[in-house]
Amino acid sequence: MAEKYNPRTIEQKWQQRWEADELYVARDDDPRPKYYLLTMLPYTSGDLHFGHYYPMGPSDTLARWKTMNGYNVLFPMGFDAFGLPAENAAIQRGIHPREWTYANIERMRGQLKRMGAMFDWTREVVTCDPEFYRWNQWFFLKMFERGLAYRAMAPANWCPQDKTVLANEQVIDGRCERCGTEVIRRELEQWFFRITDYADELLDHSGIDWPQPVITMQRNWIGRSEGVEVSFGLDAPVGGEDEIRVFTTRIDTIYGATFMVLAPEHRLVAGLTTPDRQQEVRAYIEQSSKQTEIERLSADREKTGVFIGSHCRNRLTGEDIPIYIGDYVLSSYGTGAVMGVPAHDARDFAFAKKYGLAIPVVVAPPGWDGEPLKEAYTGPGTMVNSGSFDGLPSEEGKQKIAEHIEAQGWGKSTVSYRLRDWLISRQRSWGTPIPMIYCETDGIVAVPEEDLPVILPDDAEFKPTGESPLARHEGFLRVDCPKCGRPARRETDTMDTFMDSNWYFMRYVDPHNPERPFARDKAEMWMPVDQYTGGAEHAVMHLLYARFFTKVVRDMGLIGFGEPFKRLFNQGQILGPDGQRMSKSRGNVVSPDKEVERWGADCFRAHLMFMGPWDQGGPFNTAGLAGIWRWMNRAWGVVLEEPGYGDADDGSTKELRHQTHATIKAVSEDIERFGFNTMLARLMEFTTFLIHLRDSGKPVDYPAWLEARDSLILLIAPSLPHLSEELWERTGHSYSVHQRSWPQYDAALAATEEVTLVVQVNGKVRERIQVPAGIAEAEARDLALNSPRIKEGLDGAEVARVVYVPGRLVNVVTK
RNA sequence: GGGGAAGUGUCGGAAUUGGCAGACGAGCAUGACUUAGGAUCAUGUGCCGCAAGGCGUAGGAGUUCGAGUCUCCUCUUCCCCACCA
């Protein structure tokens, strides 16, 4: 009786040996073709949880499988370490965020190692390490030089009591989470990246193999719309401007524009407000400044607005229309002004109803009889009440009116994007300092490259005062102007942490380079990433920013490609046993550490893979774990306890070899398409087959058994790295199974010799006949038609036609 | 309101191009074994029916010799975005 399978001793033993032997260190000078497999790095929140385990097992399986297929695989890991949770934890515990973060990294690294993945830890990247974030600063300077980083006003959540900026998650029901004061939106000067310069290029996903839903979401996010920017005249110039510009995608409806709505923040509002309207307008603006994101979430909230006393001219109709302000108009989209066409826009319709404005129809719905509309008609139709354009189909009218407006010099066809420039300033202290200096004489001055990195101070005090520790840290704040040498002050804002994830994968190729973010030859050797895996929640933000940044780095001449990730895969999300997202407050958290301790890393990883398709996710259950456990023990047993060898009959040896090669084929195909659950099902079937053969008592052919047994070990190596290594050693092979080649199948042996021919009558299955795989059509038809059950089923009915699917099915259709 | 994904036994799920619905695993049932091991082995397990047979992939229609798969409508669930002019 062989020794029993004991994951605890085996897993620890091999993990130590692999590490000592540097088995998984990727070499730059390896002659094999490269394969860069990247898994999104974890945020250093504390413990490794299911959300981390679920993506890692399958990607490690891929990495090992690629290695066995002859690739020089780069499979790095790191830690996303900047961000608000560290600051909050620091305030709560009265320690520096660094301490908290590095302690978490220590623990998480240990947990990741315990998983037994082939991460190359020599390339670990930690984003809060000055050796990493100095290059964030360097890139920022380069972008500033290129005009891609600029400063502008932008609203932020502001707590008037604490005098601080709040992140969205710090605003609870419109109030500051600390002091409960009502939060207002306040304009602050902040830094932006000009991502809109790349909007059109970012819409182009050709040449990359990404899931269609992600591409669609990015396209919607960028939100390109074609329309016309057209101006409405003002009688008297206001602040030097004598018109109001609006953007519209429905220029065909302009004859129906009966009012104008400006965003409350629009620059012309003050000048256009008449004295008698001052009070009401001021009140409305103040109220809308208190609109928080949360309040704005309700789209079907009543549309409100205030007339500001002035009019502007619809140049096409020649009529003057009233000007309102309304908070449903956003200053950040289009021109911050909207022409109100109540008949053909649902919001404008509601607005006109509420304020008693006219609703003239200018695009007639099909079959319209001239009656007033009960709701806005937004579809195409025939132009009416539109001067010389009457009678045209509205699509054609769009074209004609646009031409007319351009000819008159009232506006032009243009493109508008939903995408806005990327606001990267964060009024936080646990992030990359923005390397800028403000000097009274020289204005905004960049920190000279040789002075990088601008280091986050170690001794900043984190106290719940609501004020940024950097702004209060004299040593950090005070600096001499690099240009004139006079006293100046540093920028105290830090960068959005998406800056880190923009390029961390580039740093992996050359993680310790002190001179550059990375050496060009190493970048060219490893990049772009061949396969990226991660959660779908990053479909737009991270994945769009990283694409943008890669194009910027390309335009800087540092790399020769513009797309960072050739293939993308989104794994699903793992939920608690109750189907809810796991969280401590719900009490449904299952600790992966405990499960690993109990069953071993191999078993736990395999179970997560077996639960269902990787892109699906779903509720975790421990029930099925036992199934994997049993299978692993059966595999252990069948490998180590041999059958009785001898002169086997031809049939059984042939069947054994067929099963072996068919399994290799199926497993290879499953892993290729990330079908880990079906891959494991195939391996279970193969294991059962081998056990039955061994226990049948019949003699088994020695070479065929060895082929089957070794194939089984090799096929489970990517998914059960420890168990396979142990079995490989115990069957007398030389270390390491993870350096062996993936088994190849013989197509002839893998092919089945006999198939089941399904015979139907009028689409209903009536008979199944075993036939040779290569059966000729005529023979199959004969067999089917002459089968007694079919004759019976036909019951004398006349055969109209016979459908034949080669090697599969005969369908007899009666009249 | 817009966009995306999905709905198959008791449960997780399987089903290359439309071609045997329910692989594999869990659970359950019966039996064997002899143990106290998260045992193992055998058999069974979609529903109705004694049976022959019929019915079955959220519901309804359609295309087709044939639909879990394709088309349309309805319902349900999950995710993302959200007044985009």
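Remember, predicted model here, so these are calculated numbers, not experimental data. Reminder, nothing fancy here: chain letters follow the sequence lines and each chain counts from 1.
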J.: Holding to side-chain hydrogen bond (donor to acceptor under 3.5 Å, both in side chains), I want the full list of residues that pass it with D615(A), two or more places apart in sequence or in another chain.
T.: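 Partners of D615(A) by the side-chain hydrogen bond (donor to acceptor under 3.5 Å, both in side chains) criterion come out as none, since no residue qualifies.
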
J.: Could you tell me how far A39(B) sits from U57(B) if I compare only their P atoms? Round to whole Å.
T.: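 37 Å, rounded to whole Å.
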
J.: Just jot down the side-chain hydrogen bond (donor to acceptor under 3.5 Å, both in side chains) partners of T249(A), sequence neighbours excluded, or say none.
T.: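 Applying side-chain hydrogen bond (donor to acceptor under 3.5 Å, both in side chains) to T249(A) gives none.
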
J.: What distance, rounded to whole Å, do you find between the two C1' atoms, one in U74(B) and one in U64(B)?
T.: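 Approximately 23 Å lies between the C1' atom of U74(B) and that of U64(B).
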
J.: What integer distance in Å separates I321(A):CD1 from A85(B):C1'?
T.: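 Taking atom C1' of A85(B) as the reference, CD1 of I321(A) is at 14 Å.
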
J.: Would you call E669(A) and K665(A) a salt bridge, using N to O less than 4.0 angstrom?
T.: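 So E669(A) pairs with K665(A) through a salt bridge.
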
J.: For a ring pair (Phe, Tyr, Trp, His ring centres under 6.0 Å) with F569(A), tell me which candidate from W210(A), Y532(A), W614(A) qualifies.
T.: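 Option passing the ring pair (Phe, Tyr, Trp, His ring centres under 6.0 Å) with F569(A): W614(A).
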
J.: Send over the distance from L544(A) CG to C81(B) C1', rounded to a whole Å.
T.: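 Nearest whole value for this atom pair: 14 Å.
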
J.: Between G617(A) and E669(A), which is nearer to the 5' end of RNA chain B once each is assigned its nearest nucleotide?
T.: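 Mapping each residue to its closest nucleotide by heavy atoms, the 5'-most match is G617(A).
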
J.: Output side-chain donor-acceptor pairs under 3.5 Å for residues 765-772 of chain A, partner residues at least two apart or in another chain, one line each.
T.:
unit_1	atom_1	unit_2	atom_2	d
Q770(A)	OE1	T756(A)	OG1	2.8
Q770(A)	NE2	E754(A)	OE1	3.2

J.: Does Y545(A) have any ring pair (Phe, Tyr, Trp, His ring centres under 6.0 Å) partners at least two apart in sequence or in another chain, and if so, which?
T.: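 Once residues adjacent in sequence are excluded, the partners of Y545(A) under the ring pair (Phe, Tyr, Trp, His ring centres under 6.0 Å) criterion are W422(A), F498(A).
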
J.: If only side-chain N and O atoms of H344(A) are considered, is one of them under 4.0 Å from the OP1 or OP2 phosphate oxygen of A85(B)?
T.: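 For H344(A), the contact criterion (side-chain N or O under 4.0 Å from OP1 or OP2 of A85(B)) is not met.
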
J.: Would you please name every residue forming a side-chain hydrogen bond (donor to acceptor under 3.5 Å, both in side chains) with E655(A), sequence neighbours left out?
T.: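 With neighbours one apart ignored, the set is Q659(A).
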
J.: For the C1' atoms, the ones on A61(B) and on A29(B), what distance do you get once it is rounded to whole angstrom?
T.: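 Their C1' atoms lie roughly 41 Å apart.
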
J.: For H344(A), enumerate each residue passing the ring pair (Phe, Tyr, Trp, His ring centres under 6.0 Å) test, keeping only those at least two apart in sequence or located in another chain.
T.: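 Expected list: none.
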
J.: Could I get the full list of side-chain hydrogen bond (donor to acceptor under 3.5 Å, both in side chains) partners for T688(A), not counting sequence neighbours?
T.: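 With neighbours one apart ignored, the set is R634(A).
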
J.: In whole angstrom, give the distance that lies between atom NZ of K398(A) and atom C1' of A85(B).
T.: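 Taking NZ of K398(A) and C1' of A85(B), I get 12 Å after rounding.
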
J.: Please pick, from A85(B), G38(B), A15(B), the nucleotide with the shortest atom-to-atom distance to any side-chain atom of Y333(A).
T.: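 Minimum distance to the Y333(A) side chain belongs to A85(B).
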
J.: Taking atom C1' in both G4(B) and U30(B), compute the distance separating them and give it to the nearest angstrom.
T.: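 It works out to 48 Å between them.
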
J.: What distance, rounded to whole Å, do you find between the two C1' atoms, one in U69(B) and one in U16(B)?
T.: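 The same atom, C1', in both gives a distance of 12 Å.
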
J.: With rounding to the nearest 0.5 angstrom, report the CZ to CD distance, F620(A) to E595(A).
T.: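 Going from the CZ atom of F620(A) to the CD atom of E595(A) covers 5.0 Å.
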
J.: When the C1' atoms of C80(B) and U63(B) are compared, how many Å lie between them, rounded to an integer?
T.: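 Result for the C1' pair: 34 Å, nearest Å.
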
J.: So do R250(A) and K398(A) actually touch side chain to side chain, heavy atoms under 4.5 Å?
T.: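 Yes, side chains in contact.
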
J.: Using the glycosidic torsion, which applies to G9(B): syn (within 90° of 0) or anti (everything else)?
T.: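 This nucleotide is in syn.
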
J.: Reading nucleotides 19-34 of chain B 5' to 3', which nucleotides get B (base under 4.0 Å from a protein heavy atom), which S (sugar-phosphate only), which -?
T.: BBS-BBSSS-------

J.: Take the protein atom OH of Y324(A) and the nucleotide atom P of A85(B), then report the distance between them rounded to whole Å.
T.: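 The answer, rounded to whole Å, is 23 Å.
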
J.: As a test of reading the structure: which of A42(B), C81(B), C83(B) is closest to the side chain of H692(A), going by heavy atoms?
T.: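 Output: A42(B).
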
J.: Say we look at G13(B) and G9(B): how far apart would their P atoms be, to the nearest angstrom?
T.: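 Approximately 12 Å lies between the P atom of G13(B) and that of G9(B).
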
J.: Ring pair (Phe, Tyr, Trp, His ring centres under 6.0 Å) with F610(A): which residues, sequence neighbours excluded?
T.: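 Ring pair (Phe, Tyr, Trp, His ring centres under 6.0 Å) check on F610(A) returns nothing, list empty.
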
J.: Whenever both distances are under 3.5 Å in a Watson-Crick or G-U wobble pair, mark it; put RNA chain B into dot-bracket that way, with [ ] for crossing pairs and | when the partner is on another strand.
T.: (((((((..(((......[....)))((((((.......))))))(((....)))..(((((..]....))))))))))))....

J.: Using the ring pair (Phe, Tyr, Trp, His ring centres under 6.0 Å) criterion, which residues pair with F604(A)? Sequence neighbours excluded.
T.: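 Ring pair (Phe, Tyr, Trp, His ring centres under 6.0 Å) check on F604(A) returns F50(A), Y53(A).
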
J.: Rounded to the nearest angstrom, tell me the gap between atom CZ in R418(A) and atom P in A85(B).
T.: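 After rounding, the reported distance stands at 11 Å.
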
J.: Within less than 4.0 Å of OP1 or OP2 of G3(B), is there a side-chain N or O belonging to R219(A)?
T.: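 No, outside the criterion.
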
J.: In whole angstrom, what separates E265(A)'s CD from C83(B)'s P?
T.: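 In whole Å, C83(B) P lies 13 Å from E265(A) CD.
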
J.: Can you check the distance between G3(B) and G22(B), where both ends of the measurement are the C1' atom (answer in whole Å)?
T.: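 The answer is 33 Å between these two C1' atoms.
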
J.: If you assign each of Q616(A) and N762(A) to its closest nucleotide in RNA chain B, which residue comes earlier from the 5' end?
T.: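 It is Q616(A) whose nearest nucleotide is closer to the 5' end.
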
J.: List every contact pair, protein side and nucleotides 52-57 of chain B side both N or O, where the distance is under 3.5 Å.
T.:
unit_1	atom_1	unit_2	atom_2	d
C55(B)	OP2	K764(A)	NZ	3.1

J.: When all nucleic acid strands are considered with a 4.0 Å heavy-atom cut-off, which category describes V338(A): base, sugar-phosphate, or nothing?
T.: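 Base contact - V338(A) has a heavy atom under 4.0 Å of at least one base atom.
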
J.: For the pair made of CG in D615(A) and C1' in A6(B), what is the distance, rounded to whole Å?
T.: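 Atom-to-atom, D615(A) to A6(B), this comes out as 11 Å.
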
J.: For R224(A) and G3(B), what is the distance between atoms CZ and P respectively, to the nearest whole Å?
T.: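 It is 20 Å, rounded to the nearest whole Å.
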
